[in-house]
Each structure stands twice: as C-alpha cells, then as structure tokens.
There are 4 protein chains.
Amino acid sequence: MPEPIPRGRPRSEQSRRATLEATRELLHSVGYDRLTIEGIASAAGVSRQTVYRWWRAKSAIVAEAVLDGVIILPGAAAAGGSIAGILNAMGASLGSPENAGLVRALAAAAADDPAASEALYERMTGPTHAALARSIADGVARGALRPDIDPEVAADALIGAVLYRVLTRQDSPPGYGDDLAATVLGATPGTA
Amino acid sequence: MPEPIPRGRPRSEQSRRATLEATRELLHSVGYDRLTIEGIASAAGVSRQTVYRWWRAKSAIVAEAVLDGVIILPGAAAAGGSIAGILNAMGASLGSPENAGLVRALAAAAADDPAASEALYERMTGPTHAALARSIADGVARGALRPDIDPEVAADALIGAVLYRVLTRQDSPPGYGDDLAATVLGATPGTA
Amino acid sequence: MPEPIPRGRPRSEQSRRATLEATRELLHSVGYDRLTIEGIASAAGVSRQTVYRWWRAKSAIVAEAVLDGVIILPGAAAAGGSIAGILNAMGASLGSPENAGLVRALAAAAADDPAASEALYERMTGPTHAALARSIADGVARGALRPDIDPEVAADALIGAVLYRVLTRQDSPPGYGDDLAATVLGATPGTA
Amino acid sequence: MPEPIPRGRPRSEQSRRATLEATRELLHSVGYDRLTIEGIASAAGVSRQTVYRWWRAKSAIVAEAVLDGVIILPGAAAAGGSIAGILNAMGASLGSPENAGLVRALAAAAADDPAASEALYERMTGPTHAALARSIADGVARGALRPDIDPEVAADALIGAVLYRVLTRQDSPPGYGDDLAATVLGATPGTA
DNA sequence: TACTAAACGAGACGGTACGTCGGGTCTTTAG
DNA sequence: CTAAAGACCCGACGTACCGTCTCGTTTAGTA
C-alpha cells in the first residue's frame with residue numbers, strides 16, 4: 001500500500017552481490033586506501049555506472065558489505081556466551097592477520113565518513129558491546145561482580161582493549177581474554 | 001666518518017617545517033583520506049618535487065609530523081599525573097571535535113602503513129600507556145589496587161575505552177574518566 | 001494484399017511528431033554536434049527505446065525531420081520563379097542566422113552519413129538545383145543566355161556560391177543574388 | 001622584453017606533432033563525428049591530459065592541424081596557375097575519396113565552432129579564392145573576360161561549385177574544371 | 001673568483017581514477 | 001505489439017593527483 005509499484009527493469013541482485021563480494025575481496029587484499037571503485041567494478045564484472053547508481057561513495061559500499069553480513073563480523077556470533085568466552089572469541093577471530101587487516105580497513109573507512117562510521121561500528125562492535133554489558137549487569141546484580149562496575153563503561157574497556165591491540169598491530173597472546181576479564185572485572189573466567 | 005660531508009645547497013629547514021605544518025592544517029580540515037601531496041605542497045608554498053625528495057608517501061609525512069611534535073599529541077603531555085587525571089586529560093583533549101577528528105585521521109593513516117602505524121601509535125598512545133601502566137603497577141605494589149590487576153592489560157583497557165569512544169564518535173561525558181577508573185580498577189579517583 | 005494486417009498497439013503518431021519536432025528545436029538551439037538521442041527523447045517526452053525502435057541513428061532522425069518538411073527547406077518553395085528570384089529567395093532564407101545555423105548543422109549531419117547525405121541534399125538543394133538547371137536550359141534554348149553555358153554546371157555554381165558563403169559564415173549582401181546571376185550567366189535579372 | 005622567460009620543463013614538440021598527425025589520420029579514417037580526444041591521444045602515444053593541456057576542444061586540434069599545414073590543403077598549392085589550372089587541380093585533389101572525406105570532415109568541424117570555422121575556411125579556400133579573384137580581375141581588366149563579371153562573386157561560384165559536389169558526394173568528371181570555367185566565365189581554358 | 005653540487009621553483013609528461021553523460025540493449029509493467 | 005520506465009554494459013568526457021622528468025635558478029661548499 002505504500003508499495004510503489006515497481007516499473008522498468010528490476011535491479012540485478014547478482015550485480016549487487018558481486019559488487020559486495022568483490023569489495024570484501026579487495027579490502028582483504030589491498031586495504032581500504034588502495035580500494036577503488038574502478039577496481040571493485042572490474043573485479044565484480046559490473047560497470048562503474050552500476051556501482052555509482054546504487055552507492056554514493058566507497059565507504060558506503062564497505063558499510064553495506066558489512067551490513068549484509070557479506071563481511072563476516074568476527075566475534076559477533078559468539079555474543080551469547082560468557083564474558084571471557086566472548087573476549088576469547090573476539091581475540092581469536094581478530095588474531096588472524098586477514099581479519100585484523102579487515103578491522104583496520106574498516107576503522108579507516110569509518111574515519112572519513114560519519115554515516116559509514118555509525119553503521120560499521122554498530123554492526124561490528126555494537127552487538128558484542130550490548131552482550132557484554134548485559135552479562136556484566138547480570139553479574140553485578142547477582143553479586144558475582146564488584147558493585148562499583150558500570151556495565152556500559154566496562155564493555156567499552158573490554159572491547160576497547162582488544163581494538164587497541166588490533167589497531168596498534170600488537171598480537172594478543174592466547175590467554176589475553178582471560179587476563180583482560182580478570183583485570184577489568186576482578187573475575188576469573190568461569191566465575192562470571 | 002659516517003658523516004658524508006654535505007655538498008651543494010643545504011636542505012631548507014623552512015620548507016620542511018612549512019610542509020609538516022601544512023600537513024597538520026590539512027589533516028584537521030579535510031582528514032586523511034582527502035589529504036593530497038599536491039594539496040600539502042601548494043598549502044606549504046613548496047614545490048611537489050621537494051615533497052617527493054624528502055618523503056616517500058603521505059603517510060610518511062604524517063608520521064614525521066607527529067614524530068616532530070608538530071602535531072600536538074593530546075594527553076601525552078599529562079603523562080605525569082594520577083590515573084584519573086591522565087584519563088580525564090585524555091578525555092578532555094579528545095573531547096574537542098578537532099582533536100577527535102585528528103585521532104580518527106591518524107587511525108586511518110596507521111591502517112594502511114605499518115611503518116607509520118608504529119611511529120604514530122608509539123608517539124600517540126605509547127607514553128600515556130607507559131605512564132598508566134607504571135602508576136597502576138605502583139598502586140598494586142602499594143596494595144592500593146586489587147592484586148589481580150595486570151598493569152599492562154589495564155592500561156590497554158583504559159586507553160582502549162577512550163579510543164573506542166572516539167573512533168565510534170561517541171562523546172564521553174564529563175566524568176567519564178572517573179567512571180572508567182572506578183570500573184576498571186575498582187578505585188575511586190583520589191585513591192590511586 | 002501487401003497490407004500486413006496491423007496487430008497490437010498501433011504506433012503513436014504523436015510520439016513520432018514530437019520526436020521530429022524536438023529534433024528541429026534542438027538542431028536550432030545546440031547544433032548537430034551536441035544533438036543527442038537522449039536529449040531528443042527527453043525533450044519530446046518519449047522514451048529512448050521508442051526512438052531507437054524507429055530510427056537507426058541521429059542522422060536518420062534529422063533526415064526524416066527534413067523529408068517530412070518538419071524542417072522548412074529554405075528556398076525550395078520558390079523553385080518556380082525566375083533565376084534571380086530563386087537565388088534571392090535562397091539568400092534571404094539563409095540570411096537568418098537561425099536558418100544558416102540549420103544548414104551548417106545539416107552539412108555536418110551529411111558529412112558522416114552517406115545515406116543521410118543523399119536524402120538531405122536531394123531534399124534541400126535538389127529541387128532548387130533542378131529548377132535552376134531547367135530555367136537555364138530554357139534560356140540557352142531561347143537564345144537569351146550564352147550558348148557555352150552548361151545548365152547543370154551553372155546550377156552547381158549558383159547553389160555552390162550561396163552554400164559556400166553560408167558555410168564560411170559570410171553574410172551575403174542584399175543584392176548578392178543579382179550579382180551572382182549576372183556574373184555566372186552574364187544576364188541582368190529580368191532578362192532570363 | 002615581450003619574451004616571458006620560459007620556466008619548467010619545455011613543451012614536447014614531438015608530442016605536439018604526434019597529436020596533430022594522429023588527428024589527421026583519424027579524420028581520414030573515421031571522420032569528424034567519430035573523432036574522439038581519447039582516440040587521438042592513444043593513436044599519438046600521448047596522454048589525454050597532455051592533449052587537454054594544449055587544446056580546449058577537438059575542433060581546436062583540427063584547426064591547428066590545418067593551420068600548421070599538417071593537413072595538406074588540396075588545391076591551395078596550385079594557387080599560381082591559370083584559372084582552369086587551379087580548378088582542375090582542386091578537382092583532381094578532391095577527386096580522391098580520402099581528400100573528399102577530409103573536406104567533409106572539416107566542413108563538419110567548422111559547422112559547430114565559429115573560431116575553428118574561420119581558421120579552417122581561410123586556410124582551405126581563402127588562398128585559392130584570392131588567387132582566382134586576382135586572375136579573374138586581371139582577365140576582366142585585360143578585356144579577355146566579360147566586363148559584367150564580379151571577380152569576388154565569380155570566385156565564390158567556382159569554389160562553391162566544387163565544394164557543393166564534394167559535400168553532396170557527386171564525383172566530378174575529368175573535364176569538370178574546364179566546363180566550369182567555360183560556363184561561369186564564358187572562356188575556353190587556354191584563353192584566360 | 002670561479003667551479004661544482006645539490007636543493008629549489010616551475011611546469012610538462014604518461015598514467016590512474018574520479019564522477020558524469022550518453023549510447024545502445026534488455027527486461028519489466030502498462031496500455 | 002507498442003510504449004514507458006529504468007537497469008545494464010560500455011566508452012568517452014573533462015578533472016584531479018599521482019610520481020617522474022626536465023628545465024632555469026639559488027645557495028652553499030670548495031678550488
């Protein structure tokens with residue numbers, strides 16, 4: 001009913017998918033800075049005009065690639081487990097050089113496009129952030145965690161620590177998630 | 001002996017400074033992505049060739065601008081105070097939209113140049129990180145902080161939280177530094 | 001019997017006329033070079049596909065616009081008068097900057113399409129050429145003109161002179177037709 | 001003193017010549033309409049930017065190609081001979097399909113650029129026109145030609161006739177120049 | 001006082017990518 | 001079966017920068 005009857009040739013879903021997948025490939029291989037619309041179009045077997053018809057900037061393409069889940073969001077899937085579990089999953093996921101490079105690329109994309117920024121960070125870190133904050137609030141309510149912990153701020157700290165190490169290219173050692181949980185929350189892994 | 005007696009016209013220190021300062025100006029005004037060598041040269045009143053003679057890429061110019069302190073590193077100067085003091089200084093410094101934008105620009109610069117990355121993050125967050133870790137270790141040793149705190153990891157968490165909020169464009173409320181210290185360290189501001 | 005019973009929706013005469021009229025408008029306003037099928041379709045309120053269904057190239061549209069008399073052929077209507085009358089009519093008609101521009105546009109159209117070329121020149125200059133040649137042959141036969149005049153060649157010269165001045169953007173003075181007839185035919189206006 | 005000391009890398013004469021020569025080649029092979037700056041640059045082995053640096057439009061390139069004599073102007077060289085000689089030279093020169101196509105291309109170029117128009121026609125037909133008018137005026141003064149001939153108008157007619165046949169793609173028979181001279185001037189070839 | 005050597009400005013060069021326009025084609029719904 | 005709408009691939013447009021390359025000029029240090 002607010003449905004405006006579609007006229008003309010319908011948009012090619014195949015072109016859309018090919019574009020987003022090519023974007024992911026190129027983000028992995030050349031990074032955000034050397035990512036070009038020309039390159040995306042040619043790698044996707046799509047005309048440049050078709051790319052411009054649907055996206056306004058390369059940051060928008062990257063954002064949609066993420067929003068569509070074409071770029072797998074590291075750690076977000078594990079957002080139901082325990083606190084240390086989430087952190088270790090994030091650490092493990094970002095431990096692969098490929099994914100770490102992707103995260104850095106997304107940070108670059110977000111740096112010069114506020115619109116993309118929100119979309120990217122909400123999708124990448126938002127769910128994880130929410131899951132962590134919920135678990136922590138739970139723990140505080142149950143008395144399992146210190147009462148002076150602000151769940152939202154704690155979630156900032158936990159995610160921020162991981163992100164900081166990725167951006168500064170410092171590998172996180174295997175048990176980093178446990179150490180981090182213990183340090184911030186004063187809790188041993190299984191306890192929370 | 002490792003001194004290769006300088007011949008010919010000496011390098012113009014004025015051109016060098018003008019280039020780095022123009023880089024800072026442009027990073028502020030247009031961001032890293034739209035920063036061009038052409039633009040830097042013309043803003044600095046310097047020929048493009050002179051820029052290319054001394055730097056290999058725009059990320060290298062940005063890196064040197066930081067290394068030379070031409071770009072003021074927010075928070076690094078306060079690296080002598082108390083923990084909450086450092087955090088509040090960082091928060092206040094990054095609270096200005098100008099500096100926040102600069103940090104995002106630098107994150108973008110670091111994302112696609114490992115060499116610049118190290119230089120930038122070492123200069124930007126390294127001193128602060130070291131100061132925090134030292135203070136925290138002190139507190140733990142004095143028994144003023146929980147013994148299960150890993151000072152290095154805690155510093156990651158504190159800096160990471162602030163960085164995370166800047167990158168995701170979330171304003172940090174006035175007392176955020178205090179909240180953060182309390183949450184991560186289980187300490188009220190004055191205590192540490 | 002050679003009538004192939006028409007099926008389906010009949011061709012829209014309105015679309016056809018609108019296309020040809022838009023072509024004329026645009027030829028006047030922007031010239032042949034900047035004339036585009038896109039522009040014709042949009043000015044005519046017709047879809048691009050409809051234009052392509054009925055014409056193969058923009059030169060063909062221009063040709064049909066002429067053949068249909070949508071573009072008024074300057075001088076052709078006067079093809080029944082005296083020699084100097086025809087020439088003066090041509091000169092007057094081509095004297096207006098609008099028509100002169102149109103003729104130059106048609107020359108451009110003819111330059112890169114042999115098919116359009118024949119159609120255009122036959123329609124534009126053919127009738128005039130034939131009328132002139134006929135009148136001249138008459139005059140020669142009657143002894144009113146020099147016997148060494150070849151009527152076809154003389155018609156070439158008369159039309160060519162006018163065309164030459166239009167193409168080189170030289171205005172023809174008021175009495176140019178008389179001068180031309182006198183020079184080529186050795187005849188004063190009323191005599192032939 | 002009006003000499004503005006040249007700075008920077010000097011313009012490459014080779015690039016300039018290559019561009020003009022490629023323009024000539026392409027005018028011959030594809031005509032003015034399908035002539036593209038992209039095509040000129042690539043055929044000349046020159047970058048597109050270099051073409052744009054020195055010429056504002058393709059019509060300007062064509063004009064300079066003519067002004068430099070890179071495009072050989074048919075008939076202009078023969079501007080010293082007798083009237084019929086000039087005409088026959090023109091006819092012979094334009095008799096080759098290659099040159100005829102070139103003339104049509106130049107007519108198209110002139111049709112949509114007044115600036116190019118003057119340059120082209122002055123170079124192409126101007127000298128011939130002047131030579132013819134001079135010879136005819138001579139003949140009239142010597143009493144060898146009819147006194148009612150206006151030399152300028154007669155030159156228009158002679159050149160116009162040849163041009164008209166080229167533009168309408170009519171081959172001129174071998175003796176066409178003689179016929180034309182006889183018809184317009186009332187003179188047998190050798191007489192003038 | 002030259003001579004040498006390097007840095008400097010200016011600016012042209014071959015390129016790559018930009019974002020746009022138009023060309024022809026194809027695919028859908030509406031008449 | 002035509003018309004409209006509009007997406008598609010393609011190729012050219014004119015512009016902005018890229019990184020490189022001459023040039024003439026400037027500014028040191030030798031010689």
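Just so it is clear: chains get the letters A, B, ... in the order the sequence lines come, proteins before strands, and each one is counted from 1.
When rounded to the nearest whole Å, the span between CZ of Arg56(C) and P of dT25(E) equals 11 Å. Whole-Å rounding puts the Arg17(B) CZ to dA7(E) P distance at 20 Å. Atom CD of Gln14(A) is separated from atom P of dC26(E) by 17 Å (rounded to the nearest Å). If you measure from atom CZ of Arg16(C) to atom P of dA3(F), you get 12 Å, rounded to the nearest angstrom. Distance Trp55(B) CH2 to dG19(F) P: 14 Å, rounded to the nearest Å.
Not a single donor-acceptor pair, N or O on each side, falls under 3.5 Å between the base of dC13(E) and the side chain of Gln49(D). For a distance-only test at 3.5 Å, the side chain of Arg48(D) qualifies as a donor-acceptor partner of the base of dG14(F). Donor-acceptor pairing under 3.5 Å, judged by distance alone, is absent between the side chain of Arg7(A) and the base of dT28(E).
Residues Leu106(B) and Leu27(B) are in side-chain contact: their nearest non-hydrogen atoms beyond the backbone lie under 4.5 Å apart. Counting heavy atoms from C-beta on, the side chains of Trp55(B) and Glu64(B) come closer than 4.5 Å. You'll find the side chain of Tyr32(C) reaches within 4.5 Å of the side chain of Lys58(C), heavy atoms only.
Close to dT2(F), at under 4.0 Å from its OP1 or OP2, lies no side-chain N or O of Thr50(C).
Distance check, rounded to the nearest 0.5 Å: NE2 of His28(A) to CD of Glu25(A) gives 8.0 Å. Distance check: Ile37(A) CD1 to Ile61(A) CD1 gives 5.0 Å after rounding to the nearest 0.5 Å. In this structure, the separation between CG on Asp113(D) and CZ on Arg56(D) is 8.5 Å, given to the nearest 0.5 Å. Rounding to the nearest 0.5 Å places CG of Leu35(A) at 4.0 Å from CD1 of Ile40(A). Between Ser117(A) atom OG and Leu167(B) atom CG the span is 8.0 Å, to the nearest 0.5 Å. Taking CZ of Arg104(D) as the start and CG of Asn99(D) as the end, the distance is 10.5 Å to the nearest 0.5 Å.
Position along DNA chain F of the nearest nucleotide to Arg53(A) versus Trp54(C) favours Trp54(C) as the more 5'-ward residue. Comparing Ala57(B) and Arg9(B) by the nucleotide of DNA chain F that holds the closest heavy atom to each, the one mapping nearer the 5' end is Ala57(B). Projected onto DNA chain E by closest heavy-atom contact, Ser15(D) and Ser12(B) fall at different nucleotides, the more 5' of which corresponds to Ser12(B).
Side-chain proximity of Tyr52(D) to the nucleotides dC13(F), dC8(F), dC13(E) is greatest for dC13(F). Here the side chain of Pro10(B) is nearest to one of dC8(E), dA28(F), dC8(F), namely dA28(F).
Contacts between residues 31-38 of chain C and DNA chain E, counted as heavy-atom distances below 4.0 Å, involve Thr36(C), Ile37(C), Glu38(C).
Gly45(D) comes within contact range of the sugar-phosphate backbone alone, with a heavy-atom separation under 4.0 Å but no base atom that close. At a threshold of 4.0 angstrom between heavy atoms, the contacts of Ser47(B) include nucleobase atoms, whether or not backbone atoms are also involved.
Taking all atoms of both residues into account, the shortest heavy-atom contact from Leu26(A) to Ala43(A) is CD1-CB, 4.2 Å.
Across the helix from dT1(E)-dA31(F) to dG31(E)-dC1(F), the helix axis at one end is tilted relative to the axis at the other end by 10° (nearest 10 degrees, each axis from five pairs).
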